[in-house]
Every structure is written in structure tokens, then in C-alpha cells.
**Student:** 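Submitted below is the structure of interest, expressed as C-alpha cells.
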Amino acid sequence: MPNSFEKKALQALREKGGVYECRTQDGKCVTPLVGYAGTYMDGEGKSRHYVGHIFYNIARADEDPYLLQQWSEHMVHLLDQAFPTLEDIEPIHQFIGLPMGGLAFAFALAKEWIDCRVGFMEKRVTALAYGDAREQSDLVMGRYEILPDAKVVLVEDVTNNFSTTQKAIDLVESFGATVVGIATIMNRSEKTEYTDDRGARIPIFSIMNIPTLQYKHDDPVVA
């Protein structure tokens, strides 16, 4: 169940027009479904995106600096509890936003966390969208760099399938740095930590943690 802060945050997002819910009638969806980033292979070997009934548009919150500041203050409180500063040792050195939803939140977080750098990753297109296939891309550090030995928190707007998380971790590690946490505004999954390819468990911190169902195209609920 959402706590009091999560309820207030969700209500604020609703008031900003940032929550879309598919309308149902007689148990059937009568307005468009939402396509999610996560994919699966169907019976014909084609890659398809999961669909669902709810879409959280965090960009509506990005337009309100005061609201984003409230959320960043709350997130810093969560991080400060998990990563307390020991003497002169800073537990977090840099917030890195993932494109494009994590950019504004990353800069808001860095403003609240003392002695911390900020930056963001960019997408480099590797294959253009064609037919039913979406654009494919890699993550790169373009305008910013990550210092060796830095302790990094990845910042996203919405997390669920964590489809690009491993790519982001690999990129951070290529600089000799380490990902110590994932900060997200909306966590649609039931995960409280992400296990990377090496078995390291990275904690997930969220403003709102509201598990949201997703379906394959042939699921009776949405078919």
C-alpha cells in the first residue's frame, strides 16, 4: 500500500495531468492501451512490447520546479538514511540521469546533495525505427564524464522492466566507477533492488512505488 508521501505525490501528478488510465466498460478496455518499454518474444519469434492500462507521464512534474524540489528533498532523505556520511567520506559522488526522463531529477538531486557532481547519459542511435520495430540505441557519455572510483547513483523517471539498466551500469564501470543505487520517481515494479550481471545487488529508491501490471498482446485481459 502506498504511504502518505506516495499518495500525495501521486495526487500531485494527477493534478498535473500526468496519469493516464485506460477506461473500462463491462470489464473491457474501451480507450487505447499503453505500450511499455519492456519487450517479449511472441509465438512467431517477433519482439513485442508489453501493454497495460496505466501510464505515468513524469514530464508533467518536470514542468513544476517546486514540485520537483519537494520530491528531490524527499529522495535525498531516503538516500541519506541508506548512505550516511562517515567523517569526511562522501557516500555518493555523482548523480547520472538516464535519457531523457532522468535528466531534470538528477540535477534537482545534485542541488540537494552537498559536494556532488551531476551529469547525464545520451542515446546513440544504432538502428532506425522501421515498421513495427522501434529505434535501437546505445548509451554514451557525451557532454559529461564520470571520474574513476566515483560512487554513482543512476536517476530515472520511471522504472519497471529495467531494460537499459545493465547498459547504464556497464557504461559507468567502463570509467572505473561504481553504481551504488538507482533513484526513480515512479517504480512500477515490485523490485527493491536490481541484480546486475555480476551478481551485485543495487538498491532502488523511489518517490512512488506502485506495482503496475503489464500484459502480452494475447493476454485475455487486453486481447
Side-chain angles (χ1 to χ4, degrees), residues 2 5-21 34-39 49-79 92 94-113 116 118-123 134-135 137 139-144 152-169 171-172 179 181-194 202-214:
F5 191 90
E6 287 177 322
K7 291 178 180 179
K8 291 180 181 179
L10 182 60
Q11 180 59 32
L13 188 61
R14 288 185 187 277
E15 292 173 357
K16 296 293 181 183
V19 180
Y20 167 82
E21 296 183 74
V34 176
Y36 296 138
T39 60
H49 288 266
Y50 287 100
V51 296
H53 296 121
I54 302 177
F55 174 64
Y56 301 106
N57 186 2
I58 305 300
R60 298 288 79 80
D62 290 348
E63 296 170 345
D64 185 341
Y66 177 72
L67 179 59
L68 207 60
Q69 179 182 349
Q70 284 185 312
W71 290 359
S72 62
E73 289 174 353
H74 182 71
M75 177 60 72
V76 164
H77 174 69
L78 297 178
L79 293 172
I92 299 173
Q94 191 169 15
F95 291 100
I96 295 292
L98 270 65
M100 289 287 295
L103 274 61
F105 196 41
F107 278 81
L109 288 173
K111 184 179 178 181
E112 300 296 328
W113 193 276
C116 188
V118 67
F120 60 81
M121 296 180 180
E122 301 175 40
K123 286 186 177 181
R134 289 190 177 187
E135 177 184 278
S137 61
L139 294 175
V140 298
M141 294 299 297
R143 292 171 57 87
Y144 299 93
V152 174
V153 170
L154 299 177
V155 184
E156 299 205 56
D157 57 346
V158 180
T159 51
N160 182 42
N161 296 289
F162 299 89
S163 55
T164 60
T165 302
Q166 189 60 53
K167 288 183 179 180
I169 293 172
L171 181 55
V172 170
V179 175
I182 299 170
T184 179
I185 293 177
M186 170 63 72
N187 182 8
R188 290 179 39 237
S189 77
E190 296 182 351
K191 294 182 178 180
T192 58
E193 60 184 19
Y194 175 84
I202 302 170
I204 301 168
F205 304 90
S206 57
I207 298 299
M208 294 169 278
N209 185 8
I210 305 177
T212 306
L213 295 176
Q214 60 183 14

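Values reported hereafter were calculated over all heavy atoms of this structure, with side chains retained and with hydrogens, waters and symmetry mates removed.
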**Student:** Between Lys7 and Leu10, is any pair of side-chain heavy atoms under 4.5 Å apart?
**Tutor:** no
**Student:** Kindly write out the residues that satisfy salt bridge (charged side-chain N to carboxylate O under 4.0 Å, His left out) with Glu21, not counting sequence neighbours, or none if the list is empty.
**Tutor:**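 Scan of Glu21 (salt bridge (charged side-chain N to carboxylate O under 4.0 Å, His left out), adjacent residues dropped) gives Arg14.
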**Student:** Hey, does Val140 have a side-chain heavy atom less than 4.5 Å from the side chain of Met121?
**Tutor:** no
**Student:** Is the shortest heavy-atom distance from the side chain of Ser206 to the side chain of Ile185 under 4.5 Å?
**Tutor:**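 No. Closest side-chain heavy atoms not under 4.5 Å.
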**Student:** Apply side chain to side chain contact (heavy atoms under 4.5 Å, CB included) to Pro65 and list each qualifying residue two or more places apart in sequence or on a separate chain.
**Tutor:**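 Per chain and number, Pro65 pairs via side chain to side chain contact (heavy atoms under 4.5 Å, CB included) with no residue.
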**Student:** Do Ile204 and Thr192 make a side-chain contact, defined as non-hydrogen atoms from C-beta onward lying under 4.5 Å apart?
**Tutor:** no
**Student:** Donor-acceptor pair, distance only, cut-off 3.5 Å: does the side chain of Glu6 make one with the backbone of Asn209?
**Tutor:** yes
**Student:** The test is side chain to side chain contact (heavy atoms under 4.5 Å, CB included); show your working for Leu154 and Ile169 and say whether it passes.
**Tutor:** CA-CA 8 Å; Leu154 299 177; Ile169 293 172; 4.1 Å; yes
**Student:** Would you please name every residue forming a ring pair (Phe, Tyr, Trp, His ring centres under 6.0 Å) with Phe205, sequence neighbours left out?
**Tutor:**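 Applying ring pair (Phe, Tyr, Trp, His ring centres under 6.0 Å) to Phe205 gives Phe83.
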**Student:** Looking at residues at least two apart in the chain, or sitting in another chain, which of them share a side-chain hydrogen bond (donor to acceptor under 3.5 Å, both in side chains) with Asn57?
**Tutor:**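 With sequence neighbours excluded, Asn57 shows a side-chain hydrogen bond (donor to acceptor under 3.5 Å, both in side chains) to no residue whatsoever.
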**Student:** Considering all heavy atoms of both residues, which atom of Ala37 and which atom of Asn161 are nearest to each other, and what is their separation?
**Tutor:** C-ND2, 4.4 Å
**Student:** So, using side chain to side chain contact (heavy atoms under 4.5 Å, CB included) as the criterion, who are the partners of Thr159 when residues are at least two apart?
**Tutor:** Glu156, Phe162, Thr184, Asn187
**Student:** Could you tell me which residues satisfy side-chain hydrogen bond (donor to acceptor under 3.5 Å, both in side chains) with Gln94, sequence neighbours excluded, listed by chain and number?
**Tutor:**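 Applying side-chain hydrogen bond (donor to acceptor under 3.5 Å, both in side chains) to Gln94 gives Arg117.
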**Student:** Could you work out, with side-chain hydrogen bond (donor to acceptor under 3.5 Å, both in side chains) as the rule, every residue matching Thr212, not counting sequence neighbours?
**Tutor:** none
**Student:** Atom NZ of Lys111 and atom CZ of Phe95: how far apart are they, to the nearest 0.5 Å?
**Tutor:** 14.0 Å
**Student:** Any heavy-atom pair between the side chains of Phe120 and Leu98 that's under 4.5 Å?
**Tutor:** no
**Student:** Test of understanding: with side-chain hydrogen bond (donor to acceptor under 3.5 Å, both in side chains), list the residues that count as partners of Tyr50, not counting sequence neighbours.
**Tutor:** none
**Student:** Does the side chain of Arg143 come within less than 4.5 Å of Glu122's, by heavy atoms?
**Tutor:** yes
**Student:** Work out which heavy atom in Pro99 is nearest to a heavy atom in Leu139; give both atom names and the distance.
**Tutor:** CG-CD2, 3.8 Å
**Student:** Testing the basics here: between Gln214 and Asn160, what is the closest heavy-atom pair and its distance to 0.1 Å?
**Tutor:**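 Closest heavy-atom pair between Gln214 and Asn160: OE1-ND2, 2.9 Å.
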**Student:** Any side-chain heavy atom of Phe105 within less than 4.5 Å of one from Met75?
**Tutor:** yes
**Student:** Give every residue pair that meets the ring pair (Phe, Tyr, Trp, His ring centres under 6.0 Å) criterion with at least one member in residues 54-77, sequence neighbours excluded.
**Tutor:**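 Qualifying pairs: Phe5-His74.
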**Student:** Closest heavy-atom contact between Leu109 and Ser72?
**Tutor:**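 Reported closest heavy-atom pair: CD2-O, 3.6 Å.
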**Student:** Working to the nearest 0.5 angstrom, can you tell me the gap between Ile202 CD1 and Lys191 NZ?
**Tutor:** 11.0 Å
**Student:** Check the pair Val155, Phe107 against side chain to side chain contact (heavy atoms under 4.5 Å, CB included), reporting the backbone distance first and the verdict last.
**Tutor:** CA-CA 10 Å; Val155 184; Phe107 278 81; over 6 Å; no
**Student:** Determine the minimum heavy-atom distance between Ala106 and Val118, stating which atoms define it.
**Tutor:**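 Nearest pair, atom of Ala106 first, then Val118: O-CG2, 3.6 Å.
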**Student:** Not counting sequence neighbours, which residues clear side chain to side chain contact (heavy atoms under 4.5 Å, CB included) with Glu193? List them please.
**Tutor:**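 Residues passing side chain to side chain contact (heavy atoms under 4.5 Å, CB included) with Glu193: Arg201.
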**Student:** Sequence neighbours excluded, which residues qualify as side chain to side chain contact (heavy atoms under 4.5 Å, CB included) partners of Val158?
**Tutor:**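 Partners of Val158 by the side chain to side chain contact (heavy atoms under 4.5 Å, CB included) criterion, ordered by chain and then number, come out as Ile58, Met186, Arg188.
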**Student:** How close do Ile92 and Trp113 get, counting heavy atoms only, and between which atoms?
**Tutor:** O-NE1, 3.7 Å
**Student:** Any heavy-atom pair between the side chains of Met100 and Lys123 that's under 4.5 Å?
**Tutor:** no
**Student:** Show every salt bridge (Lys or Arg N to Asp or Glu O under 4.0 Å) that has at least one partner inside residues 51-73, sequence neighbours left out.
**Tutor:** Lys16-Asp64, Arg60-Glu63
**Student:** Has the side chain of His49 got a donor or acceptor atom that lies under 3.5 Å from a matching backbone atom of Gly35?
**Tutor:**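 A pair under 3.5 Å: no.
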